[in-house]
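Lettering of chains follows the sequences in order, A, B, ..., and the numbering in each one begins at 1.
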Number of protein chains: 2
Amino acid sequence: MAGFKGHAEYSVDSKGRVAIPAKMRSALNPDANSTFTMTRGFDKCVFLYPLDRWKEMEEEIGSLSTYDREARAFTRRIMMWADEVTLDSQGRISLTKQLVEFAGIKDKAMILGAFDRIEIWDPEAFEAYLNEESADYETLAEKVMGM
Amino acid sequence: MAGFKGHAEYSVDSKGRVAIPAKMRSALNPDANSTFTMTRGFDKCVFLYPLDRWKEMEEEIGSLSTYDREARAFTRRIMMWADEVTLDSQGRISLTKQLVEFAGIKDKAMILGAFDRIEIWDPEAFEAYLNEESADYETLAEKVMGM
DNA sequence: TGGCGAGTGGGGAAAAGTGGGGAACTCACC
DNA sequence: GGTGAGTTCCCCACTTTTCCCCACTCGCCA
């Protein structure tokens, strides 16, 4: 299964709906059933996991202990924001008010392919994130990939 | 079986009833028979375990030794608060006075999906919990999931 | 230049949440 | 044993939100 690639700035209509770029839709595994689980991302954005990938995540979460304080805190934080959404016949999903608010999304959204997930950002917030990241692309590559 | 997800602030009516969000109801295993065992949670909230999951919990509790002082204390504390509740035809449950009082719930309740259980908080108490947790989401994720 | 696929927008039906009325049941007190 | 107050439970009705479907426009490709 190919990873999600590319980026696009789309509009968010008055009902909180955003289109998912056709390229990303076609990269969806049929197992995902046109369905995503969307949750609060790391950094100020929304993560969109295809259903099949999310199932794997749930297994990890399910293996955490209820009796461990930090595990409880993490489980609450990831699950409370989660919501299952299905593409409508136009290839859109509707964002929940809660996540729209969290990510500071207004009438435009930046849709980002990020390998195993899709990310949705407020365009300005994304711009700001790119600027504030101290390390540039080349430096990051060195650090992360150990080149 | 998918875990419970999402969060919502709902009202508690004069009869102590709270609606369970439709999304969480549909995540219920049919085996649970629209029934929960509700008990005092860890942290200042109420835990709501679907019947099928609660059965597993009871097995764990049952396997504890009667001869161990702490096991006895734990068994008492978890069982003394437990009560079985069933959804009414409107998808609501009624909270017992004891648990309402314990969790400090007034006329509003925060309903939280927390994977294998549903949690019910007083909205202010939940806010306070989120603030007092020192670690932020990203740090927690790193620690707990080792990402 | 016509057709198809992609993105955008809105209207109507159905479902979800909220609140209250009334029957049945319990318990206490006369 | 009967009466009455207090609970509990079940059902009905209203309001708001959500979801599903249809219609339009724009741009690309044949």
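Checking the phosphate oxygens (OP1, OP2) of C/dG9, no side-chain nitrogen or oxygen of A/S14 falls inside 4.0 Å. Between B/T86 and D/dC9 there is no side-chain polar atom (N or O) within less than 4.0 angstrom of OP1 or OP2.
Nearest-nucleotide mapping onto DNA chain C: of A/A22 and A/V12, the residue sitting toward the 5' end is A/A22.
Checked by atom type and distance alone, the side chain of B/R25 pairs as donor or acceptor with a backbone atom of B/I20 at under 3.5 Å. Proximity of a side-chain donor or acceptor of B/S65 to a complementary backbone N or O of B/Y67 within less than 3.5 Å is detected. Judged by distance alone, with hydrogens and angles left aside, the side-chain atoms of B/N29 form a donor-acceptor pair with the main-chain N or O of B/D31 at under 3.5 Å. Without hydrogens or angle criteria, B/H7 side chain to A/M80 main chain gives a donor-acceptor distance under 3.5 Å.
Atom OH in A/Y10 sits roughly 7 Å away from atom P in C/dT8 (whole-Å rounding). One can place CD1 of B/I111 at 16 Å from P of C/dA16, the figure rounded to the nearest angstrom. Distance, B/I93 CD1 to D/dT8 C1': 15 Å, rounded to whole Å. The CE atom of A/M24 sits 14 Å away from the P atom of C/dA6 (whole-angstrom rounding).
In this structure, A/R76 is positioned above the aromatic face of B/Y129, its NZ or CZ under 6.0 Å from the six-membered ring centre and within 45° of the axis.
Heavy atoms of B/I20 sit under 4.0 angstrom from primed sugar atoms or phosphate atoms, though from no base atom.
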TODO: Take B/Y137 and A/F42 through the test ring pair (Phe, Tyr, Trp, His ring centres under 6.0 Å) and record every step on the way to the result.
DONE: CA-CA 7 Å; B/Y137 186 41; A/F42 303 133; 5.1 Å; yes
TODO: Sugar-phosphate means primed atoms, P, OP1 and OP2; the rest is base. With that split, encode nucleotides 16-22 of chain D 5' to 3' as B, S or - using protein heavy atoms under 4.0 Å.
DONE: --SBBBB
